[in-house]
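Lettering follows sequence order; numbering is per chain, from 1.
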Amino acid sequence: MNPLSPKQKIWFIVNMIPEGNVLAYGKVADLAGLPGRARYVSRALQEAPPHLNLAWHRVINSQGKISFKLNTINFQNQQERLRSEGIEVNKGKISLSKFEWKPDMATLVLSLPF
DNA sequence: AAAATGACTGATG
DNA sequence: GCATCAGCCATTT
């Protein structure tokens with residue numbers, strides 16, 4: 001296969017986050033082999049083709065909060081998507097101890113195409 | 001080329 | 001827990 005572009009790597013990682021779990025922008029960047037590029041992850045999510053049906057709502061910031069501002073359409077959309085799969089959200093805050101994805105690194109590494 | 005912009009982060013008070 | 005801040009980095013002005 002052709003080498004995956006940075007955006008494709010990010011999309012691949014996001015696609016692996018299990019239903020009912022969340023992961024921070026910075027963590028997604030780390031797993032994609034792009035440390036220090038948390039902001040780039042948010043950009044990659046915005047630019048993701050709709051047909052990928054990416055679970056972008058499972059990506060939140062390192063403080064365990066939805067990064068959209070309260071009372072925006074995007075905030076409410078993400079909050080509903082999270083709740084619909086059993087994730088508790090209070091005023092934009094998610095408990096990382098309960099819902100953060102902690103992948104088995106050995107298994108994860110072996111399933112990466114890069 | 002320089003400055004501004006963010007779906008970010010970690011440290012600090 | 002919340003607000004600031006400086007540092008960060010690709011992209012756009």
Side-chain angles (χ1 to χ4, degrees):
Chain A
M1 276 299 281
N2 298 320
L4 267 50
S5 71
K7 279 175 197 167
Q8 290 176 307
K9 292 180 179 178
I10 290 168
W11 296 335
F12 190 92
I13 296 298
V14 172
N15 201 39
M16 297 187 71
I17 305 173
E19 183 177 339
N21 287 87
V22 296
L23 195 59
Y25 296 93
K27 296 291 193 57
V28 172
D30 289 345
L31 295 182
L34 304 165
R37 266 156 281 190
R39 303 191 98 125
Y40 185 69
V41 170
S42 67
R43 182 182 304 275
L45 294 184
Q46 294 182 79
E47 299 173 357
H51 68 81
L52 289 182
N53 289 325
L54 221 59
W56 56 269
H57 58 283
R58 296 181 190 146
V59 185
I60 62 180
N61 66 36
S62 64
Q63 311 310 302
K65 300 199 302 181
I66 291 176
S67 279
F68 292 115
K69 284 186 287 191
L70 281 167
N71 300 324
T72 61
I73 184 64
N74 285 325
F75 175 94
Q76 300 199 357
N77 184 357
Q78 184 168 14
Q79 179 173 243
E80 283 185 15
R81 283 168 172 270
L82 290 170
R83 285 176 171 163
S84 75
E85 53 185 70
I87 297 173
E88 301 162 23
V89 188
N90 293 317
K91 296 186 289 285
K93 177 77 171 57
I94 293 106
S95 169
L96 290 179
S97 61
K98 286 185 186 174
F99 301 107
E100 184 181 37
W101 182 40
K102 291 162 185 166
D104 176 272
M105 290 303 177
T107 303
L108 174 63
V109 168
L110 293 178
S111 34
L112 294 180
F114 52 89

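Note that the CD1 atom of A:Ile10 and the CG atom of A:Asn15 stand 13.5 Å from one another [nearest 0.5 Å]. Considering CG of A:Leu23 and CZ of A:Arg58, their distance stands at 11.5 Å, rounded to 0.5 Å. Note that the CD1 atom of A:Ile13 and the CG atom of A:Leu54 stand 11.0 Å from one another [nearest 0.5 Å].
Around atom NZ of A:Lys91, no more than 12 heavy atoms belonging to other residues, nucleotides or ligands sit under 6.0 Å away.
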Evaluation steps, side-chain contact (heavy atoms from CB on, under 4.5 Å), between A:Phe99 and A:Ile60: CA-CA 11 Å; A:Phe99 301 107; A:Ile60 62 180; over 6 Å; no
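A:Thr72 pairs by the side chain to side chain donor-acceptor pair (under 3.5 Å) definition with nothing, not counting sequence neighbours.
Put simply, CG on A:Asp30 is 13 Å from C1' on B:dG10, counting in whole angstrom units. Rounded to whole Å, the distance from CG on A:Leu70 to C1' on C:dC2 is 13 Å.
For the segment residues 5-22 of chain A, no residue has any heavy atom less than 4.0 angstrom from an atom of DNA chain C.
A side chain to side chain contact (heavy atoms under 4.5 Å, CB included) with A:Lys93 is found for one member of A:Glu88, A:Gln63, A:Lys65 and no other, namely A:Lys65.
No continuous path of hydrophobic side-chain contacts links A:Leu110 to A:Leu108 [ILVMFWY only; heavy atoms under 4.5 Å].
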Taking only nitrogen or oxygen atoms into account, show me every contact under 3.5 Å that the protein makes with nucleotides 2-9 of chain B, one pair per line with its distance.
| residue | atom | partner | partner atom | Å |
| --- | --- | --- | --- | --- |
| B:dG6 | N9 | A:Arg39 | NH2 | 3.4 |
| B:dG6 | N3 | A:Arg39 | NE | 3.2 |
| B:dA7 | N3 | A:Tyr25 | OH | 2.9 |
| B:dC8 | OP1 | A:Ser67 | OG | 2.6 |
| B:dC8 | N3 | A:Arg39 | NH1 | 2.8 |
| B:dC8 | N4 | A:Arg39 | NH1 | 2.9 |
| B:dC8 | N4 | A:Arg39 | NH2 | 3.3 |
| B:dT9 | OP1 | A:Tyr25 | N | 3.2 |
| B:dT9 | OP1 | A:Gly26 | N | 2.7 |
| B:dT9 | OP2 | A:Ser62 | N | 2.8 |

